[in-house]
Structures are given as C-alpha cells and as structure tokens.
Amino acid sequence: MDKLFFTEEHTMLVEMVRDFANTEVAPIARELDETGRFPEEIVSKMGKLGLMGIPVPEEYGGAGMDTVAYAAAVMEMAKVDASVAITMAAHTSLGTMPIVIAGTEEQKRKYVPQLASGEILGAFGLTEPEAGSDAGATKTRAVLDGDEYVVNGGKIFITNSGKAGILLFTTQIVENGKSIGIGALIVDTDNPGLKIGPKEKKMGWRASDTRQLFFEDMRVPKENLLGQPSDGFKTFMKTLTGGRISVAALSVGTAEGAYQKALNYSTERKAFGKEIYKFQAIGFKLADMATQIEAAKLLTFHAAWMKDQGMDITKEAAIAKLYASEAAMKITTEAIQVLGGYGYVKEYDVERFFRDAKVLEIGEGTSEIQRMIITRQLMKTLRKTA
Amino acid sequence: MKICVLVKQIPGSEATFNVTPDGRWIQESGLPFEMNESDIYALEEALQIREKMGEGEVFVVTLGPDRCQKTIREALAKGADRAIHIKEEAPFCTDPLTIASVFTQVIREENPELVLSGLQSDDLGFGQTGVLIGEMLGMTTATLVVATEIQDEDIRVKRELEAGWFQWQTMKLPASLAIQSGLNTPRYPSLRGIMTARKKEIKDVSFNDLRNVDFLQSFKKLSIQHAEKHTEMIEGSVDEIVSKLVNVFKNEIRIN
C-alpha cells in the first residue's frame, strides 16, 4: 500500500511521526488517559515540527503536503494516542482548513500562519444541543448590527475549544431582520461574549479538550464572516469532507494500535502448552483484524488521494469513515478478547483503544448519517445512468 | 566551519536475519534499514555546532548501495546541507582500511575542518573508520567523544573512559572525532526539512573508481548463532552434587 500512495516524503513523514509518537507520547499516554490532562508540551513540539499544518500551503506557513500525508500522520499518531491525534486532526481539518478553503485573502494572512505553526490552536463548532446530525437546524443566530454581528446561541462537544486561540462556528446569518442562510464566523476566543464551559468527562479521547460554548451578545466583526451564506450551507459542508478522512484515519490508527498489542500478546502468551495464536480461535481473529485494517486503510488513502486530485469525495469519504470506524470498534473489541482478563485492565492499554474507538462511530457524522450520505450518492449516480 | 559527517545505513535492530545461499552476506529483501545509531548522534552534534557558530556547512558522506538514498535523505531532512554518496554494489567491502582510504579521497577534496563519525557501526562494529580517516588525513583524532567545544583553532572534547571516568582533551583542528551515542538529543526531521530534502544536492561517486588498496580482510562465511537449550543432570551424593554445582557456577556460568 505504501508503494501505491506514498512518495519518499510520505514515508519520511510517517517514520518521523512514528518515532515522535513512540518516544514522546507513548510513555505518557496512560497518564493522559487517566487524568484527562491536555498535553500542551506535546502540541507545542508538534507545532515546531510542522505537524499542526501538514496540508496548509507553504505561503500560509504550512508544510504544503497533501491529504495523503495528513491522513498518514493522523493514522500514525492514533496508533499510539487517539487523543493527541484528534487534537491535531480537529485543529487542522476543522479549525484551519475551512479558512484556507473558504477564507478571504485577509483572513488567511491573519489567521492561518499562526494556526499552521501551532502557535495557536483552532477549533470548530457545528453541533448544538438541538442540532447534531441535523446540522442545518442550527439555532445560533448572528444578527448584523452595523459593522458587527451580534451572536446568541451556543455549541456543544467542541474539540480543542478550551485551548483554542480562535474558533470557527456555524450560525444562521440574519441581515435586515431576515435569515439569509447558514454561514460560518471566525471569533477570537478572548471575545467577552464567548463563555466556555468546563471540560467534558468522556468515555474515551480523555486527553482531548471537549467543551460546551455559550454565545451571549457576542460581537463579531463583519469581516470575520467565512465564505458567503448565499453560496449555501451545502457548499460550506463540502469543506468538511476532510474531517471524515481525519476520522477514517483515526479509526485505522486506533484499530491498528489495539491489533498490534493483541498480535504481540498472542505470540507471547501460552495456554495448553502453546502460544495462543496457534489456536484457530485466536489466529482467525487476528486474520480478520488484519484484513479489516487493510481494507479500511485502502479506503482511507483512496479517499485522501481522490481529494488531492480535486475529485468529489462525498461518497468515498463517507464510505471510508463508515467502514473504518465500525471496523475500529470491532477490532478493539476483539483485541480485548484476545488478551482476556489482561485486556480488561488498564495496564495493557487495549481497553483505552476500545474506549477511544466508540466515538469514531459518532463524531463527524454518525454511522447512520454516513449511510444516508452514501445512499443519497448512490441514487445520484443511478439517475445519471438511467 | 565545514563539517563532514559519515553516515552509514544498517539493517534495523528489530529485523530477523537470514544468510544468503553463498554464506557471504545477509538476505536483504524485506529487511528494514535505518541510520546507524551513533551516526545519528554525530549528525546532531554537527548540526548543533553549526547552529552555535551561526555559520558553516554540514555535509554527509555515505558508502553503500542505492537503498542508502533513504538514509541520506533523512540526514538532509534533519538539516545537512548536501551529501556525497559513494556507490557500492554487493558483495560489499568489509575491510576497514579500504573503506577508510576511499572515504579519505572523497573527504580530502572537500577539506573539512571537522570529520564526525559514529563510534562504530551497529552491523559490522569494527569501530575503525573514523580513526583511520583521521590518520590518513593527518588530523588529530579522538574516540568515545561525549561532548565537544570549539575554541578558535582548537576543539575541546570530553572522552568517556572506563569505570565512569571522563577525560577532557584539547586538540588542534582539523580533527576527526568518533562520537559516542547519547551525547545530545537528536532532532526529528521537521516537515519543512522533509519537503526541502529533495531539493538538496546528492553527489554520486563510485566506490570501485576510488578503490586504491587491496582488501586486507573479507568475510569468508557468515553464520547465525542459534541459542540452544542444554540440560545436564547432576547426580551423586549431596557432597558430589554440591562440588559439581560449584564448579558449574565458577567455570561455566562464571559467577564471581
């Protein structure tokens, strides 16, 4: 697979991230999971290495690499620590790339270099208490008042939001007393109208910073509007397909991290006088895990590659995200089974991968939403061929 | 300051080895290759000296087949300015004197003030290249170097001696130093480094064209030692068993 999608630079990047993850992150991964501490020192080091701006063009301070590179780096990090991987992924694909894709030149110059260098962290707010999968139902309202929007409403489950320097969020845009559609605004997180809730206590992704946000008469300059609401909500949502590749990559990494531990254990642990991988019941589990990982990885890199070719990846990103996240849940479950009782205790880390896997079927569009997207795409091509 | 770093590519330490049918080398297909450990530290030391001095050039020289390109790119991605690849095809030369004489010809042309090499390669482990090159180029040399300080015309180095002892030594430049692992914290290649590595120069030269001495040593046969379990039952009276056990402890297991 490396040969199919990877250039020499991709391989070097993967080796660097692997080395970094094993040396810097692996020794503290369990501590981060248990305490929920946000690893600022790790994020700062990742910023210096260029890992916080992998697909950002060089002219805006990024590494100028492609989506394949970005997915490969997220995958590699998730093999060791999914919390650190999601911090990097949410920052890049949700907190930064929408500005790169839809921002004005001024917005790009102002915000992107700081984000790409990791100097500040980015966050993106879409989900609301009453608008999750149905993102179009957003209740947050930004009412134009002179040169500023006055924003009221709020967001929930926002990754990186307690540590972010800027926040992008979707909102209804109201001008001259009527809603002109859903758009996105960029706001500095020191805005007095932004109230940031306490860190959520989560099942997995424990070291990732997830919070609720409240907007109370929050005044945002008019020029901070990202893209045009008249372009339509759908156009904007397209910029988010990168997020699905992120979650697909996170899924492959999470699955592979757990699989590797199960594989190692199966060659060391003996029962009834032989290593347990020699029992078909365990050997076949490992074979199924490896097969699903390979398939998920191919789907993910294929979608990433298509994105790099400028192709529409609505269907492919949804397929990759759906398959990889469900595979990750299955694989991490089976990994615990291979380790038996040891899989259930924290010392062997496999239960952490299991807890980190569940959210993959929920975030960035639930499995159900992905199936809806895929069905819709199937029907589109059906009409074309009929 | 112009600094030359010798970088070698070796089979990864986690690899499983098999010997080729002719028994002269290991089977390379499927093996992971990586930069020799002490060379990683030598490269880092060179980059840090360049940074401390605020100017200078770091170039790497590598001997080996095409696969070494990957290791060379890694050195360039970490910050080396350029590279010279002395290309060699299998069967590979394992004679330290020949290797050192080939390196010497390449390095002499470049005329660096400092040559840094890893203490030894983790595959062959002769530990001679850096010292021989220093001698051939008429440079001062030091081995087991764990710290360096440039002082105008001199270099001050800290050497690791036995039993936890260290020695500081001031030497004239130019110098050839064999670097011990662990003296610094090697950097990761940054993404910017990875992206610019491709644009840096790698000059190819041929090992055979430069070879000017006969091999004084070569590998006749390579074998992989397999650990075997061996159980010996000690029998006899209690006194006899005890004295036989003491003999085993003393002379076979060698417990002092």
Side-chain angles (χ1 to χ4, degrees), chain A residues 2-3 6-26 41-42 44-74 76-77 80 88 92 96 113 116-118 260 263-264 267, chain B residues 7 9-16 29-37 39-41 43-44 47-48 51 60 62 65-80 83 85 122 181-182 184-202 204 229:
Chain A
D2 297 7
K3 307 262 183 311
F6 281 12
T7 60
E8 199 176 71
E9 281 84 5
H10 290 128
T11 308
M12 284 170 89
L13 168 69
V14 165
E15 285 175 3
M16 182 269 271
V17 178
R18 185 180 303 153
D19 195 12
F20 179 84
N22 286 328
T23 313
E24 313 278 338
V25 187
E41 74 284 10
I42 297 289
S44 156
K45 283 181 188 173
M46 293 192 345
K48 290 194 180 87
L49 287 171
L51 291 171
M52 301 306 275
I54 298 172
V56 175
E58 281 178 278
E59 56 175 316
Y60 301 114
M65 292 183 92
D66 55 15
T67 316
V68 169
Y70 164 73
V74 170
E76 213 51 51
M77 186 57 79
V80 171
M88 168 169 104
T92 308
T96 307
S117 63
Q260 202 59 50
L263 185 69
N264 292 347
T267 60
Chain B
V7 170
Q9 188 188 54
I10 57 153
S13 52
E14 286 160 19
T16 316
S29 68
L31 273 187
F33 284 90
E34 57 190 37
M35 198 186 289
N36 182 49
E37 191 190 13
D39 298 353
I40 296 174
Y41 290 94
L43 173 64
E44 179 62 33
L47 297 173
Q48 288 190 12
E51 280 159 11
V60 297
T62 296
D66 286 343
R67 60 168 155 75
C68 297
Q69 282 267 339
K70 187 170 166 287
T71 297
I72 293 171
R73 293 276 178 216
E74 195 185 317
L76 296 174
K78 285 188 173 191
H85 185 179
D122 297 337
S181 295
N184 50 38
T185 309
R187 69 197 62 195
Y188 302 97
S190 71
L191 267 70
R192 190 150 300 210
I194 290 172
M195 294 304 277
T196 50
R198 187 195 285 273
K199 295 170 198 149
K200 293 180 177 173
E201 177 198 286
I202 302 177
D204 289 342
K229 272 188 186 170

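We use all heavy atoms of the structure for the numbers below, so side chains are in, but hydrogens, waters and symmetry mates are not. Here the structure is a predicted model, which means the values were calculated and not measured. Below, chains carry the letters A, B, ... as their sequence lines are ordered, and counting in each starts from 1.
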Put together the list of donor-acceptor pairs under 3.5 Å connecting chain B with chain A, please.
{"residue": "B:Lys70", "atom": "NZ", "partner": "A:Glu15", "partner atom": "OE1", "Å": "3.0"}
{"residue": "B:Lys70", "atom": "NZ", "partner": "A:Glu15", "partner atom": "OE2", "Å": "3.0"}
{"residue": "B:Arg73", "atom": "NE", "partner": "A:Glu8", "partner atom": "OE1", "Å": "3.3"}
{"residue": "B:Tyr188", "atom": "OH", "partner": "A:Glu24", "partner atom": "OE2", "Å": "2.7"}
{"residue": "B:Leu191", "atom": "N", "partner": "A:Leu49", "partner atom": "O", "Å": "2.8"}
{"residue": "B:Arg192", "atom": "NH2", "partner": "A:Gly62", "partner atom": "O", "Å": "3.4"}
{"residue": "B:Arg198", "atom": "NE", "partner": "A:Glu9", "partner atom": "OE2", "Å": "2.9"}
{"residue": "B:Arg198", "atom": "NH2", "partner": "A:Glu9", "partner atom": "OE1", "Å": "2.8"}
{"residue": "B:Arg198", "atom": "NH2", "partner": "A:Glu9", "partner atom": "OE2", "Å": "3.3"}

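- Nearest heavy atoms, A:Gly64 versus B:Met195: O-CE, 3.9 Å.
- For B:Leu191 against A:Ala63, the heavy-atom pair with the smallest separation is CD2-CB, 3.5 Å.
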